[in-house]
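For clarity, every value in this text was computed on a predicted model and none was experimentally measured.
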Amino acid sequence: MVLAVFSILLAWQIAAWFLPGFLMPGVPDVMVRLWKEIQSADFRAALWGSLGRLGAGYGAALLFGIGFGLVGAVLFFFREVLKSVIIILQSIPSIAWVPLFLILMGFGNLPIIIVVALSAFFPAALSVMNATESVQQVHVSAARVMGATRGDMIRHVYLPAVMPELITGAQLAFGNAWRALISAEMLVGFGKGLGRGLAYSGETADMVGVMANILVIAILAPLIDQLVLEKLKHRLLRYQYV
């Protein structure tokens, strides 16, 4: 990871040496600007605004994705219909939904949250449904013989079996949610947010601000993934790391 970061920063600085400063600012200039931004109230408001929308949309996507995926495990017809719907809809870029939701709901947090949720729902639901198909039939049959209801099947057979794929799907869904969040904030231009800050810097031709915002966006995504999702993965699947 350290080598990858160093390589990216080196390539960036080499490009800055060969290009005019107003087109490609150097790494030190951006770092100084970023340090000043971090200490400002506007930056903190933008950061918490983006994280709040991400949490709401991503949380809703996981809730519905896991729920629908597990229901599809015990209802074959529902699973096949839902999978076909997802295959059709996931081919649409998440940013393409923004104009529709803006017309329906107006400017605000809700259109952005729904776009984030929609982009994360597809991989979450698909990972769970694909995992349920690999559950051993002997376990399903044994549970049915012992009188397990559909709710029991979901809680005690399918959910433990799909947990590894579920965590992987959640990490894939997070990547989709993060990209959808930044894109939607840039397009909607509502309130405080990292995407909105990036769009404003571009509109004012502030290249130092553009690169500072890109740097923040690039750092936060793997940071959240490693500090939150990876720790959750190790906690839920601790038997694999013994």
Side-chain angles (χ1 to χ4, degrees), residues 53-106 108-184 187-188 225 228-229 232-233 236-237:
R53 298 182 191 105
L54 176 68
Y58 181 59
L62 289 185
L63 180 65
F64 285 100
I66 295 170
F68 280 123
L70 291 175
V71 170
V74 296
L75 299 176
F76 178 78
F77 178 76
F78 176 81
R79 179 178 64 198
E80 293 305 310
V81 172
L82 181 61
K83 184 179 291 188
S84 299
V85 170
I86 290 175
I87 290 173
I88 294 170
L89 293 182
Q90 73 173 351
S91 62
I92 303 173
S94 57
I95 197 66
W97 294 103
V98 174
L100 173 64
F101 293 137
L102 281 179
I103 294 172
L104 293 176
M105 304 169 190
N109 287 321
L110 189 57
I112 301 175
I113 292 173
I114 292 180
V115 169
V116 171
L118 198 61
S119 66
F121 170 80
F122 299 138
L126 273 179
S127 65
V128 173
M129 283 190 290
N130 290 335
T132 58
E133 294 176 357
S134 63
V135 175
Q136 296 184 26
Q137 285 301 313
V138 64
H139 296 160
V140 176
S141 300
R144 286 174 178 165
V145 168
M146 289 186 288
T149 64
R150 284 177 174 173
D152 294 330
M153 297 284 289
I154 290 175
R155 290 193 302 272
H156 302 300
V157 178
Y158 286 106
L159 185 57
V162 306
M163 191 60 69
E165 288 82 0
L166 191 157
I167 299 298
T168 301
Q171 290 182 298
L172 292 174
F174 173 75
N176 284 10
W178 183 252
R179 290 187 292 271
L181 170 73
I182 301 303
S183 300
L187 187 59
V188 173
D225 182 75
V228 179
L229 298 179
L232 181 63
K233 178 179 179 180
L236 294 176
L237 305 178

*So do the side chains of Pro123 and Asn176 get within less than 4.5 Å of each other, counting heavy atoms only?*
yes

Taking side chain to side chain contact (heavy atoms under 4.5 Å, CB included) as the test, write out the residues that go with [X], two or more places apart.
X	result
Ser183	Ile95
Leu118	Trp97, Phe101, Phe122
Ile182	Trp178, Glu185, Met186, Leu194, Ile217

*Taking all non-hydrogen atoms of both residues, which atom of Ser119 and which atom of Ala180 are closest, and how far apart?*
OG-CB, 3.3 Å

*What's the shortest heavy-atom distance between Ser94 and Val115, and which atoms?*
O-CG1, 3.6 Å

*asked:* Please report the interatomic distance CD1(Ile86) to CG(Leu126), rounded to the nearest 0.5 Å.
replied: 4.5 Å

*Output the distance between atom CG (Leu82) and atom CD1 (Ile87), rounded to the nearest 0.5 Å.*
10.0 Å

*asked:* Test of understanding: with ring-ring contact (aromatic ring centres under 6.0 Å, His included), list the residues that count as partners of Tyr58, not counting sequence neighbours.
replied: Phe174

*Can you check side chain to side chain contact (heavy atoms under 4.5 Å, CB included) on Leu89 and Ile92, steps first, answer last?*
CA-CA 6 Å; Leu89 293 182; Ile92 303 173; 4.2 Å; yes

